[in-house]
2 protein chains.
Amino acid sequence: MKISSKARYAIQSMLQLAMQVDSKPLTLADLTQQQNISSSYLEQLLASLRESGLVVGVRGPGGGYRIATDVADISIADILMAVHERHLKRPKKSSYGMSIYNDMWWDLSERIQEFLSQISIADLMDREDVQLYLHQQRLFKDVPLSDSQTDIQRKRA
Amino acid sequence: MKISSKARYAIQSMLQLAMQVDSKPLTLADLTQQQNISSSYLEQLLASLRESGLVVGVRGPGGGYRIATDVADISIADILMAVHERHLKRPKKSSYGMSIYNDMWWDLSERIQEFLSQISIADLMDREDVQLYLHQQRLFKDVPLSDSQTDIQRKRA
DNA sequence: ACAATTCCCGATAAAATTAGTCAAGAATAG
DNA sequence: CTATTCTTGACTAATTTTATCGGGAATTGT
């Protein structure tokens, strides 16, 4: 199925942010390293996501982007609408006798919309391999119990 | 939900063809009259649909385009694939450690694909208003019982 | 206060896709 | 034979997507 790579970038970015343990911000650089895409372009997409309230930007050192709300509350439809925005010009109604075809078209549109609204980021994260990965990340993060070497470890990883 | 107008044209054309009683061919002119679009452009889309085996072209007077198979066997996914074809370049796998995000992405793609495969043209036609319209069309077609004025009537419609 | 980091914003430009046009050719019905 | 209608290919314009650059604003740590 064809979905624009724009949408793919946006969704994959949201996934990366969603999977960040303790929702520590990810920088633009962090995000672009995983997808092969220019950082300036991703920046524009992140701007759209921010304007739609899906992510928040945190400036300054240690900053980056963080997911804005619960991953269960963000649907694929939300993400697509955020990055496609101006593209939603509806065709003018009442052009001759095409109302029937038009109605059928809108019927379909709504079905698709509804379908995509029901798939949340959390749903996509609900896979065995993903859960395993998240588990490992958390293990790795929770290791420093001896409170003597906290940052040194992280640097080597 | 944003779907390209290209897709909309294609789907609406298929709907028009599907709703043709006794599947009498519709000419390019017939099709473009309903949607406000240039005939030459629709021509290209119809060419894609023909190459994908969804419609057949009939040349000569009285010709046009006709739907190729049972409306229950043609899905929205079929139509979208027909007109978007070259656009399906999959991202090269194995780019560093993005396999997890990639997998989640493909998971989603397949879900959408499957969803759209399950919606057939026939499904879209299964609405009260559409059925009523079809019924009226058939009534109008079946009127000439007196076999004396067959073509004259049609011309006035 | 200063320096480094990182988002933020605007303008711009290249590439790809979509949309639209034109003209000549081939098949077919009457 | 002729009018109709699809078929084909080349070409142009508009729009969207993708990409780049540079300066500015906020924040952290020293």
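Naming convention: chains lettered A, B, ... in sequence-line order (proteins, then strands); numbering from 1 in each chain. The figures that follow rest on heavy atoms only: side chains count, while hydrogens, waters and symmetry mates do not.
- With values rounded to the nearest 0.5 angstrom, B:Met104 atom CE is found 10.5 Å from A:Tyr133 atom OH.
- The distance between atom CG of A:Leu49 and atom P of C:dC9, rounded to the nearest whole Å, is 14 Å.
- Straight-line distance from the CD atom of A:Gln44 to the P atom of D:dA19: 10 Å, rounded to whole Å.
- Rounding to whole angstrom units, CG of residue A:Leu42 and P of D:dT20 are separated by 12 Å.
- A:Arg50 has no side-chain polar atom (N or O) that falls below the 4.0 Å cut-off from OP1 or OP2 of C:dC7.
- Nearer the 5' end of DNA chain D, as judged by each residue's closest nucleotide, is the contact made by A:Ser40, out of A:Ser40 and A:Pro61.
- Atom CZ in B:Arg8 sits roughly 12 Å away from atom C1' in C:dA19 (whole-Å rounding).
- Side chains of B:Ser48 and B:His84: a donor-acceptor N/O pair is absent below 3.5 angstrom, by distance only.
- Closest to the side chain of B:Tyr65, out of D:dT18, D:dC6, C:dC7, is D:dC6.
- Going from atom CG of A:Asp30 over to atom C1' of C:dT6 covers 11 Å, rounded to whole Å.
- At the heavy-atom level, B:Leu46 lies nowhere under 4.0 Å from the strands shown.
- Each of A:Gly57 and B:Ser39 has a nearest nucleotide on DNA chain C; the 5'-most of these lies closest to A:Gly57.
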- request: Kindly determine whether B:Arg127 and B:Asp129 satisfy salt bridge (Lys or Arg N to Asp or Glu O under 4.0 Å), including the steps that lead there.
  value: CA-CA 6 Å; B:Arg127 297 166 35 131; B:Asp129 51 355; 2.6 Å; yes
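- Between B:Tyr41 and C:dA19 there is a side-chain polar atom (N or O) within less than 4.0 angstrom of OP1 or OP2.
- The closest donor-acceptor contact from the side chain of B:Thr27 to the backbone of B:Ala29 lies under 3.5 Å.
- Comparing A:Val58 and A:Ser38 by the nucleotide of DNA chain D that holds the closest heavy atom to each, the one mapping nearer the 5' end is A:Ser38.
- Spacing between atom CG of A:Leu45 and atom P of C:dC7 amounts to 14 Å, rounded to whole angstrom units.
- Within 4.0 Å (heavy atoms only), A:Thr27 reaches sugar-phosphate atoms of the nucleic acid but no base atom.
- A:Ile37 comes within 4.0 angstrom of the backbone, heavy atoms only, and of no base.
- A straight line from CZ of A:Arg59 to P of D:dA25 spans 9 Å, rounded to a whole angstrom.
- For C:dA19, the OP1/OP2 oxygens have a side-chain nitrogen or oxygen of B:Ser5 closer than 4.0 Å.
- Donor-acceptor pairing under 3.5 Å, judged by distance alone, is absent between the side chain of A:Glu43 and the base of C:dT6.
- Below 30°, between 30° and 60°, or above 60°: for B:Phe115 and A:Phe115 the angle between ring planes is below 30°, a parallel geometry.
- Rounding to whole angstrom units, CD of residue A:Glu51 and C1' of C:dC8 are separated by 10 Å.
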